Amino acid sequence: ISGNNAGKLASGTTLYGGELKVGQATGDGTIGSSATNALGSGTISVMPVNFNLSSDGDDDAPEPALTVSSDNIIINNPIALSTDLVVGDSRNFTLGGVISGSGEIYVGDEKDSSANITFGGDNTHTGGIYISGNNTATFTHDNAVGKGELSFGGSSGATANFETANPVIYGLENNGSSATLNLNYSGNRIFTINQAEDSRFKGNINGSGASTIVKEGAGTFLFDSGTITSSGISDGQGNDVALEIKNGTFFFGKDANLSSGTVKVNGGTLAVQGGKTLSNTVKVSSGRVAGFGTYSSSISIGANALLSPGLNGHGLTGALQFNHLELDSGGTYEFHVQDPNPDNPNGRDQVSVTSSSTLVINATSANPFTIKVISVNSSGEEGQLSGIDTGNGLYSWTLFSFTSLSIPGTSNIFAANLFTLDTSAFTSDALYGGDFSLFKDGNDLKLGFTPVPEPSTYAMMALGLGVIGFMAWRRRRTHS
């Protein structure tokens, strides 16, 4: 369709299947600067097939596709998606109208195509945008991706360009070849990933200069591999923040990097994969520091902050290493125990401060640091700890291992009252419970658990004492 239909087709165009190719007539403005009027002023409604398919052996539904006859055509009609829509083949064009509905948009139908489709509307569709192959999507409105996930696929790396200051996407995923996201706005850029579901991403996010990636939403974002390039934006507190985690989890894979800038944990969870060393400065105002790898900068765990090795969905128990760790008043260590056997360190959380720097305890007896003991069942979920032998006596579990310990104002003398124990999330198969204790053993701070013996144990002890007493009485009588 290429005629000038300005003022016509007000009731819109309905696309069920096949390819709708849009042109621009001579005299209908200038291609690239004026929108085409080929589809009039109405909405493009993309609907599921509502007729019976032929029985000739090909039962695939005809796929709806929207293309153009010339490069750089602008289509400003609203689009309502009740099913998925393919946009583009080998020509570049712009969708400037608002896209709504539940369908997904596929940029590029052919794996070897290389179209660049520009999205310029304040879009609300929830199905997301999928960029395949060598194709490119360019977004010229903060909400141009809509309310769904931005995902990538194909054997080649696809590209997404963001041209505004504060773009928002509702999820980011790429499990194939490396994808590229470019934050092209010339000033400060805040790129928000509002991730409700868990996903994995391989690729690079290029925000050279002043930019911040913000993680929102309750889902876990696994940044599997690639680099975020940013120098951060000043937060007015001496930090150039390149990544701010406000909600959910940002999980660094072992091959993922943040080029420079500070990571600010501000309500969410920061985690590192096993084998990964995160060297960026980390500031924790609230939220959780977790994972299985190494943090090489100085980290302080204070009020509203949690230290929690492991990661829900990847194993609740884990081992973390720090070059410098400070335990401040009001902070909490979530210590998970899945195996009580002290000879199996993998059965519990492990925290090591192994460099020439120190473990520092800034908490005081008046304002202590909390150790929250959490039992984990045999299925790897929070629940009852099994395997407790009530006749074992003291179980000794290492909380922290360190090269050196500093406790300011105390001549580095350890006192258990610098900590408070929260055992509300701990249950075990020790029928009569047990008693907890904290103590220092060489270069370890340890948690002790002594199960209360069962009554039969006391009876046996009493019987044993009785036998010993009887034998002593008998020896005395024989001697007399």
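As the structure is a prediction and not an experimental result, all values here were calculated from the model.
Side-chain contact of Thr67 with Glu19: a donor-acceptor pair under 3.5 Å is present, judged by distance alone. For the 3.5 Å distance criterion, the side chains of Thr138 and Asn116 qualify, holding a donor opposite an acceptor. In this model, no donor atom of one side chain and acceptor atom of the other lie less than 3.5 Å apart for Thr370 and Asp422. Lys215 and Asn266 are not linked by any side-chain donor-acceptor pair at a separation below 3.5 angstrom, with hydrogens and angles left out of the test. Side-chain atoms of Glu173 and Asn175 include a donor-acceptor pair closer than 3.5 Å. For the 3.5 Å distance criterion, the side chains of Ser308 and Glu334 qualify, holding a donor opposite an acceptor. In summary, the side chains of Gln384 and Asn377 do not present any donor paired with an acceptor at a separation below 3.5 Å, with no hydrogens or angles considered. A side-chain N or O of Ser230 and one of Ser211 form a donor-acceptor pair less than 3.5 Å apart. No side-chain N or O of Asn194 forms a donor-acceptor pair with one of Thr192 less than 3.5 Å apart.
Using the six-membered ring where Trp is involved, Phe250 and Phe223 have ring planes that are perpendicular, over 60° apart on the 30 and 60° scheme. Between Trp397 and Phe335, the ring planes are tilted. Angles from 30° to 60° get that label.
The number of heavy-atom neighbours closer than 6.0 Å to CG of Asn312, taken from other residues, nucleotides and ligands shown, is 12 or below. Counting heavy-atom neighbours within 6.0 Å of Phe369 CZ, excluding the residue itself, gives a total above 12. Atom CG of Leu311 has more than 12 heavy atoms from other residues, nucleotides or ligands within 6.0 Å. Sparse packing is recorded around CD of Glu197, with 12 or fewer heavy atoms of other residues, nucleotides or ligands lying under 6.0 Å away. In the displayed structure, Lys283 atom NZ is contacted under 6.0 Å by at most 12 heavy atoms of other residues, nucleotides or ligands.
Under the 3.5 Å distance criterion, the side-chain polar atoms of Thr212 are matched with a main-chain donor or acceptor of Val241. Under the 3.5 Å distance criterion, the side-chain polar atoms of Glu149 are left unmatched by any main-chain donor or acceptor of Gly128. Between the side chain of Asp235 and the backbone N or O of Gln237 there is at least one donor-acceptor pair closer than 3.5 Å. Between the Asn257 side chain and the Ser259 main chain, no donor and acceptor come within less than 3.5 Å of each other. With Thr36 contributing its side chain and Ala38 its backbone, the two residues share a donor-acceptor pair below 3.5 Å. Ser2 places no side-chain N or O within donor-acceptor distance of the main-chain N or O of Ala25, the cut-off being under 3.5 Å. With hydrogens and angles ignored, the 3.5 Å screen pairs no side-chain donor or acceptor of Gln350 with any backbone N or O of Ser401. Listed for the Arg189 side chain is a donor-acceptor partner under 3.5 Å among the backbone atoms of Gly187. Looking at Asn77, its side chain does come within 3.5 Å of a backbone N or O of Gly42 through a donor-acceptor pair.
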Give the intermediate values and the outcome of ring-ring contact (aromatic ring centres under 6.0 Å, His included) for residues Phe292 and His314.
-> CA-CA 10 Å; Phe292 308 88; His314 299 266; 7.2 Å; no

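Taking the ring centroids of Tyr333 and Phe419, they lie at or beyond the 6.0 Å cut-off.
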